[in-house]
Amino acid sequence: MPIAVHYPSHPGTGAPRALSAAAIRAVAAQVRRQVQPEPDSLTISVPALLQAGQRVQVNGRSLAVIWDLAHPLRDEAGHRILGVCDTDPEEPDCAYVSVNAELTANRPELERSTVAHEFGHVLFDVPAALQTSTRRFRAVAADAAALYRVGGSAECRANEFMGALLAPPVALHTRLLAHARSEGLRLARGPHQGRPGSPILAAGNPPDAVAGVLAALAGDFGVSERFIAVRLARYGLLQGGAA
């Protein structure tokens with residue numbers, strides 16, 4: 001059964017309307033409900049995501065997704081790139097996603113993040129590209145740094161989707177509080193996008209203890225510590241961070 005998602009789009013082109021971070025996170029929540037982590041785990045495995053993501057239905061339009069995670073990947077200039085999502089005008093109902101096997105070898109957290117990022121392009125960008133038989137879409141993630149950019153571009157939208165899919169706000173907040181309390185870290189009150197009514201991590205806690213919490217959270221969700229730091233800031237779960 002295909003993964004089915006819905007979000008506000010332009011009826012003539014299928015392109016997403018201007019989506020807030022909350023709206024992007026809502027799409028990620030739709031996907032996460034259909035790609036459940038393993039029992040007793042918060043981590044979505046790459047095989048589970050690939051299996052579920054072979055066919056998708058976006059606002060009623062069905063697409064096939066062809067995945068390749070087994071080969072090196074380079075751009076037209078011969079430079080190594082991390083991932084790419086593109087379409088072929090002669091294949092009007094397909095998206096093609098490749099992830100660089102060389103760059104992600106023995107780095108499951110990077111592979112997982114890249115797959116989720118490129119899946120964001122499939123869901124948000126490919127449908128509009130396939131509306132006509134002559135338009136081609138191609139999005140390239142040059143390196144790991146590309147997975148952490150924020151803003152209003154298609155790349156940033158794919159990053160927000162990736163982050164919310166792999167580490168949702170409420171689940172991340174819940175685990176943050178559990179680790180912080182076990183370490184005796186100070187908590188504070190402030191606006192956030194996590195678990196309603198719960199505190200956030202206060203500023204001024206010992207850096208080593210905070211680093212330990214980030215490492216534990218990274219293990220919980222199968223991502224990198226940098227990934228967790230970005231998500232905590234994006235959700236407003238660190239005092240003084242951006243929600």
Side-chain angles (χ1 to χ4, degrees), residues 3 20-50 52-53 104 107-117 119-120 144 147-150 156 158-243:
I3 291 177
S20 65
I24 297 168
R25 293 167 193 168
V27 176
Q30 293 177 49
V31 174
R32 192 171 173 96
R33 285 193 294 269
Q34 297 170 79
V35 187
Q36 290 292 335
E38 298 294 327
D40 302 319
S41 173
L42 292 167
T43 300
I44 292 180
S45 73
V46 169
L49 186 55
L50 296 181
T104 60
R107 298 184 66 184
E109 76 290 344
L110 181 58
E111 181 184 59
R112 182 175 293 109
S113 297
T114 307
V115 167
H117 171 93
F119 197 41
L147 304 181
Y148 299 104
R149 298 189 184 113
V150 297
C156 298
N159 284 344
E160 191 62 39
F161 169 84
M162 168 197 74
L165 175 65
L166 300 183
V170 172
L172 180 58
H173 195 184
T174 298
R175 292 304 299 156
L176 169 66
L177 293 176
H179 290 304
R181 285 168 173 151
S182 71
E183 294 291 329
L185 300 185
R186 292 186 301 105
L187 303 175
R189 291 290 171 179
H192 60 75
Q193 304 299 317
R195 197 171 80 182
S198 297
I200 61 177
L201 190 63
N205 278 295
D208 288 349
V210 173
V213 168
L214 294 182
L217 290 169
D220 288 339
F221 291 93
V223 295
S224 69
E225 293 170 34
R226 183 180 181 187
F227 184 112
I228 291 296
V230 171
R231 286 295 98 198
L232 293 177
R234 292 289 291 164
Y235 301 152
L237 301 179
L238 298 175
Q239 192 175 46

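Every value quoted in this text rests on a predicted model; they were computed, and no experiment measured them.
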Exercise. When rounded to the nearest 0.5 angstrom, what is the spacing between CZ in Phe221 and CG in Leu165?
Worked result: 11.5 Å
Seminar exercise, completed: So the side chain to side chain donor-acceptor pair (under 3.5 Å) pairs with at least one residue in residues 217-227 (sequence neighbours excluded) are Tyr148-Ser224, Arg175-Asp220, His179-Asp220
Exercise. If only atom types and distance count, is the side chain of His173 paired as donor or acceptor with the main-chain N or O of Arg195 below 3.5 Å?
Worked result: yes
Exercise. For the atom pair CG (Leu201) and CG (Leu232), what is the distance rounded to the nearest 0.5 Å?
Worked result: 8.0 Å
With a cut-off of 3.5 Å and sequence neighbours excluded, list every side-chain donor-acceptor pair involving residues 204-217.
| residue | atom | partner | partner atom | Å |
| --- | --- | --- | --- | --- |
| Asn205 | OD1 | Arg186 | N | 2.8 |
| Asn205 | ND2 | Arg186 | O | 3.1 |
| Asn205 | ND2 | Ala202 | O | 2.9 |

Seminar exercise, completed: Scanning both residues in full, the closest heavy-atom pair of Leu147 with Ser113 reads CD1-CB, 3.9 Å
Problem set entry | Note, Glu160 side chain near Arg234 side chain (heavy atom, < 4.5 Å) | yes
Exercise. In chain order, what residues pass the side-chain contact (heavy atoms from CB on, under 4.5 Å) check against Ala23, with sequence neighbours excluded?
Worked result: Leu19, Ser20
For this session: Would you please name every residue forming a ring-ring contact (aromatic ring centres under 6.0 Å, His included) with Phe227, sequence neighbours left out?
Result: none
Exercise. Between the side chain of Ser41 and the main-chain N/O of Thr43, is any donor-acceptor distance below 3.5 Å?
Worked result: yes
Exercise. Can you name the nearest heavy-atom pair linking Glu111 to Val46, along with the distance?
Worked result: OE1-CG2, 3.8 Å
For this session: Identify, with sequence neighbours excluded, every residue that meets salt bridge (Lys or Arg N to Asp or Glu O under 4.0 Å) alongside Arg112.
Result: none
Problem set entry | Donor-acceptor pair, side chain of Arg189 and main chain of Gly197, under 3.5 angstrom | yes
Exercise. Checking Thr104 side chain against Arg107 main chain: does a donor-acceptor pair fall under 3.5 Å?
Worked result: no
For this session: Check whether any side-chain heavy atom of Arg32 sits under 4.5 Å from a side-chain heavy atom of Pro168, and report yes or no.
Result: yes
Exercise. Of all residues at least two apart in sequence or in a different chain, which pass the side-chain contact (heavy atoms from CB on, under 4.5 Å) check with Ser182?
Worked result: none
For this session: Identify the heavy atoms of Leu110 and Ala144 that sit nearest to each other, and give their distance.
Result: CD1-CB, 4.0 Å
Seminar exercise, completed: Pro199 and Arg181 have their tightest heavy-atom pair at CG-NH2, 4.0 Å
Exercise. Rounded to the nearest 0.5 Å, what separation is found between the CG atom of Leu172 and the CG atom of Leu237?
Worked result: 6.0 Å
For this session: Please report the shortest heavy-atom distance between Ala180 and Leu187, naming the atom on each side.
Result: CB-CD2, 4.0 Å
Exercise. About how many Å separate SG of Cys156 and NE2 of His117, when rounded to the nearest 0.5 Å?
Worked result: 9.0 Å
Exercise. Are any side-chain N or O atoms of His192 and backbone N or O atoms of Ser198, one a donor and one an acceptor, separated by less than 3.5 Å?
Worked result: yes
Exercise. Got Ile200 and Tyr235 here, is their nearest side-chain heavy-atom distance under 4.5 Å?
Worked result: no
Exercise. Run the side-chain contact (heavy atoms from CB on, under 4.5 Å) check on Val223 and Ile228 step by step: do they pass?
Worked result: CA-CA 7 Å; Val223 295; Ile228 291 296; 3.7 Å; yes
Seminar exercise, completed: Minimal heavy-atom distance between Gln34 and Gln30, with the atoms involved, is NE2-O, 2.9 Å
